[in-house]
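Order of listing sets the numbers, starting from 1, for every ligand and every atom in it. Predicted, not measured: the structure shown is a model, and the values here were computed from it.
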Amino acid sequence: MENKKRIYMDYAATTYTKPEVLSEMLPYFTEEFGNPSSIYSLSRGTKRAIDLARERVSKAINADASEVFFTGGGSEADNWALKGVAFANKKRGNHIITTKIEHHAILHTCEFLKKNGFEITYLPVDKEGRISIEDLKNAITDKTILVSVMFANNEIGTIQPIKEIGEICREKKIYFHTDAVQAVGHEAIDVKEMNIDLLSMAGHKFYGPKGVGALYIRKGVRLDNLVHGGGQERGRRAGTENIAGIVGIGKAIELANSDLESERIRLTKLRDKLIEGLLKVPYSRLNGPLNKDRLAGNVNICFRFIEGESILLLLDSNGICASSGSACTSGSLDPSHVLLAIGLPHEIAHGSLRLTLGASTTEEDVDYVLEVVPKVVKRLRDMSPLWDDFLKKGDN
Ligand SMILES: *Cc1c(COP(=O)(O)O)cnc(C)c1O
């Protein structure tokens with residue numbers, strides 16, 4: 001192999017676990033293995049570790065420690081919030097409002113709830129991926145029990161007007177859940193100021209371990225349990241605690257929040273340099289907002305006349321790990337529901353590339369990607385019959 005370079009630009013898919021996080025976790029695999037539910041002193045340390053993690057998580061979002069419940073990741077937190085609220089409140093109503101651009105952990109849960117008698121409204125989004133507050137207001141009926149709108153989108157990075165949504169829901173006495181898996185540890189979050197009733201997070205999206213997440217449940221919110229069994233998590237989520245994971249998510253969120261603003265500013269600069277450079281490629285287009293209300297680390301660009309998948313393969317052979325939200329209509333790929341929802345015409349949406357930046361991303365990385373991507377796009381277009389057609393005939 002001529003190229004040993006590896007540039008990771010897929011932080012929205014997952015992050016590595018930071019060494020400081022791992023080192024706090026390690027003792028809980030070995031010496032500190034006591035079951036927190038046991039009575040002997042060996043278990044006291046593990047109980048204390050969980051308490052500390054809960055404290056750290058709650059502090060990061062301005063909640064009370066008693067309002068934080070650990071889960072097996074972001075998907076479980078999302079499932080719990082939606083199913084838990086739906087089943088516990090079905091006497092009040094059976095209507096749930098969400099958006100067309102949610103993660104599948106939300107969308108597929110909504111499909112399941114629909115099969116169980118709930119009505120779901122999927123709010124549309126504008127061409128930058130934002131819902132409209134007017135649409136939300138108009139969608140609310142006297143049967144509405146829950147609104148679930150993601151804090152920030154995982155494909156195109158759009159940040160929703162969470163505070164305004166929270167205000168409306170609180171006023172109408174409807175529970176407001178947000179899938180904040182992409183936002184926690186990256187954006188400032190205050191569940192009180194934003195009137196959030198339920199919030200999902202996942203450790204591995206902010207340099208903690210995989211397989212551990214948390215659901216914030218505001219005191220007083222009525223929801224059923226999802227995982228039944230023992231009395232762990234104060235009787236609300238059964239199963240012997242993933243202590244090392246819980247310790248990890250606690251340390252990771254504390255670390256992330258300690259330099260949240262400076263990292264946001266650093267990544268925004270790199271992101272904007274990358275966007276500017278990539279948009280110099282002819283027939284390219286940015287998906288999501290240009291700068292305002294966009295996650296600091298998110299870049300999502302379409303290159304006309306080529307396939308997202310083929311860009312990824314060539315980037316990989318150049319040591320670049322990236323991802324695609326491809327709205328390919330023919331062939332084996334599922335269209336990206338997010339790109340379709342922002343109104344991308346199919347013929348333009350063929351070649352979408354998502355590059356997400358994070359803690360180890362440097363300016364050199366950005367420069368290298370800016371050197372490689374245009375070459376890759378050119379090479380693929382040179383082989384593309386669509387491009388050939390376009391050169392001969394133009395757009396029609
Ligand atoms: C990653 C992600 C999830 C799922 O989290 P897991 O920890 O992988 O279960 C849910 N929602 C969003 C927005 C995500 O980015």
With no hydrogens and no angle check, just 3.5 Å: does a side-chain donor-acceptor pair link Asp259 and Ser262?
no

Write out all pairs satisfying side chain to side chain donor-acceptor pair (under 3.5 Å) with one or both partners inside residues 113-126, taking only residues at least two apart or from two chains.
His95-Thr121

Identify all N/O pairs between ligand 1 and the protein with a separation under 3.5 Å and present them as a table of atom names and distances.
| unit_1 | atom_1 | unit_2 | atom_2 | d |
| --- | --- | --- | --- | --- |
| ligand 1 | 7 (O) | Gly74 | N | 3.0 |
| ligand 1 | 7 (O) | His204 | NE2 | 3.0 |
| ligand 1 | 8 (O) | His204 | NE2 | 3.3 |
| ligand 1 | 9 (O) | Gly74 | N | 3.4 |
| ligand 1 | 9 (O) | Ser75 | N | 2.8 |
| ligand 1 | 9 (O) | Ser75 | OG | 2.7 |
| ligand 1 | 11 (N) | Asp179 | OD1 | 3.3 |
| ligand 1 | 11 (N) | Asp179 | OD2 | 2.7 |
| ligand 1 | 15 (O) | Gln182 | NE2 | 2.7 |
| ligand 1 | 15 (O) | Lys205 | NZ | 2.7 |

Under a 4.0 Å threshold between the charged nitrogen and the carboxylate oxygen, would Arg237 count as salt-bridged to Glu76?
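So Glu76 pairs with Arg237 through a salt bridge.
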
Is it true that Glu155 and Arg354 have a side-chain N and a carboxylate O under 4.0 angstrom from each other?
no

Are Phe33 and Tyr28 close enough that their ring centres sit under 6.0 Å apart?
no

Do the ring centers of Phe118 and Phe112 come within less than 6.0 Å of each other?
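Centroid separation for Phe118 and Phe112: 6.0 Å or greater.
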
